[in-house]
Amino acid sequence: MSTFALSRRQMLATAGAGIAGAVAARVAGPDAAFAEAPAKAAVLVNPPAFYNFKHGDVQVTLVSDGVLGLGDGRKLIKEATTEELTQRLEAAFLPADNMVLQQNIPVLKIGGKTIIVDTGTGSSTMFGDTTGRLPANLKAAGIDPASIDLIALSHCHPDHCGGMIDAGGKLVFPNAQVSVNESDFKFWTDEAQLSGEIKPFIEFARARLLPYKDKMTFHKGGQEIAPGLQAIDAPGHTVGHTMFMVTSSAKPLAITVDCAHHHILFVEKPKIEFGYDTDSKQAVATRLKVWDMLATDRIPFITYHFPWPGLGNLAKAGDAYRYYQTPVSL
Ligand SMILES: [Zn+2]
């Protein structure tokens, strides 16, 4: 039926007319407020982002703190040439010189407790103005920060502990205990390190963690930090970096946090090293163990920096891996 045999050129022409028509209607139409809005308002802000799902009897809400723009992420990666990184990113339809990471924050209702894993960057603009959305998005998800019983902190980097206090220094989670690895806490709050390149990170962590000092407990790998939630040592990214495992249901659910920062590069080439790792060789050793476990045992996992909402599975692919994002469902 020739009626349906539109050529590609015809389709483009039709689409072009449609867009042009829509723009003309917008400019000339009754939406004068839109047309006259100040330039700043023309930057469209994405709506609140949260995603609910059940894992066994555990209610999980993934809440976005917004996105982190790292610029040319190739400069932060070791043990791979720029050419190879460019090729892998472009093959995945991603810009080579503009790496954008998510901040996917799990809130778990588990064993009668409400637990948040990490807190985003908070009011800090260390990573620009596209972060710090957690409070608004928690509200949109119907989660009162005062209802959080425990902050399970994976490590003490700014994009994970930043949201513990507000711009005025008040506790964002007034009723929460904090569970963190002791070595990590000591490293990032160590007064002796208040000099050199690391100084801003130490100051940042001290300002957010010390107000919770009386409500803090230190977890160790293998320990249940709450009924059905286990801490697992995953060092390298930082000295005491911790991942978590939901163990209360028949099938586990892993929360791998910062074992990897990119869903293509650290999956297709898991031995590459990341510039923000305290010990990048140890981080690779950890990543290889974690990836092997997730793929072998087919364990679904939540990742802090992978594409929103950060839930997926990993499969072996040759001598590396492939990431399968779980489709969002109703
Ligand atoms: Zn991070």
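For ligands, and for the atoms within them, numbers begin at 1 and follow the listed sequence. Note that this is a predicted model, so its numbers are computed, not measured.
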**Study point:** Set of residues satisfying salt bridge (Lys or Arg N to Asp or Glu O under 4.0 Å) with respect to Glu84, sequence neighbours excluded
**Key:** Arg88, Lys269
Review point. When the ring centroid of Tyr212 is compared with that of Phe173, is the distance short of 6.0 Å?
Key: no
Check your understanding: Is the gap between the ring centers of Trp188 and His157 under 6.0 Å?
Key -> yes
**Study point:** Output field: ring centroids Tyr323/Phe301 closer than 6.0 Å
**Key:** yes
Exercise for review: Report the relative orientation of the aromatic rings in His261 and His305; use parallel for angles under 30°, tilted for 30 to 60°, perpendicular for over 60°.
Suggested key: parallel
Practice item. For the Zn ion (ligand 1), report each protein N, O or S atom nearer than 2.8 Å, sorted by chain and then by residue number. Key: Asp159 OD2, His160 NE2, Asp258 OD2, His305 NE2
Check your understanding: Parallel, tilted or perpendicular for Phe244 and His219, by the 30°/60° rule?
Key -> perpendicular
